[in-house]
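Atoms within a ligand are numbered from 1 in the order they appear, just like the ligands themselves. Predicted model, so just to flag it, every value in this text is computed and none were measured. Reckoned from all heavy atoms, side chains included, excluding hydrogens, waters and symmetry mates.
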Amino acid sequence: MIQRERIAENVYFFQSEFYAQVTAGAVIGPSWAVVIDTLAFPEETLQIRDYIEQELGVPIRFVVNTHSHADHSWGNCYFPGATVISHTLCKQYLDTTGRIALDEARKGNSAFRGIKIVLPQITFQEGQLILRIGKKTLTLFPLPGHTDDNLAVLVEEDRVLFAGDTVMPLPFIVDGNIDDTSVSLKKIAKMGLENVVQGHGDIILRGEIDNAIKDHLLYLSNIRKVVRKASKRKYPLEILDENTIEMSGKSRVLIGGLASELHRRNLRALYRQLYGIPPIPTDDDEEEYEEDDYDDEE
Ligand SMILES: [Zn+2]
């Protein structure tokens, strides 16, 4: 069963048991509900839908996609009566790389056979979009970092922020940008929040937010240093691969044990982003390096 928690009155949090502790949310109004992110595995998406529509007894009128990655948007097709809202780029990515990734995933896993990409019907890319639901105000705004199509949803009255993947237990910038991530994290720190719902992992409580953000900023500064050091060596990849996640100040158990792998990919991606070329491996590393080309779902 998907994990479920009530964060505030009529505000819910869901966390996947299947994949990387990915999260979703819901805000329930008197006559309809908003769902934030739709996950990738139909079984869990349907558990969320049934809880809201059958147990709470309200139809889902809007779905928000925080970004286009599979684990946040593929479940859109299970909300046929809802209008999907996203960043303009999210729609574009779903329509291109999303379709290709789904075709690939279907070959490997029968769970995805029933999924169809459903493109968002309402998109925006700057400023904010406000949804009034009962007595609550949801403010949607771009919060780039993990990707450039990341949207966040703030429940104004409860000061609960659904941050998408720009907040994760380990910042993950392979499809994104390290500077945008820093700017967005600093912005969150100043928002006076009760809770941050990250795209993966547990809810960050008010008393933990400052430390979590400091910790993330320190991690980003550490990986920047490692990449800079590597750039001065003949075989930069060696330096990157020697750097364990613990050396960069984070634990490997984060994100369902995926953290070491995400860290490794962060270093390689940051190198490419800063220097415009992949880090040069030694001869023996070459084979391993070439295999490092697969899709991102996180
Ligand atoms: Zn993501």
task = Measure from the Zn ion (ligand 1) to every N/O/S atom of H69 and report the name of the nearest one.
result = ND1
task = With the Zn ion (ligand 1) as the reference point, give the N/O/S atom of D165 that is nearest.
result = OD2
query = Taking NZ, NE, NH1 and NH2 as the nitrogens, is one of them in K250 or D215 under 4.0 Å from a carboxylate oxygen of the other?
reply = yes
ask   = H200 and H72: aromatic ring centres closer than 6.0 Å?
value = yes
Contact check: H67 to the Zn ion (ligand 1), N/O/S below 2.8 Å = yes
ask   = Using the ring of each side chain (for Trp, its six-membered ring), is H67 parallel, tilted or perpendicular to H69, with breaks at 30° and 60°?
value = perpendicular
message = Is the ring pair F62/W32 parallel, tilted or perpendicular, if the boundaries are 30 and 60 degrees?
response = perpendicular
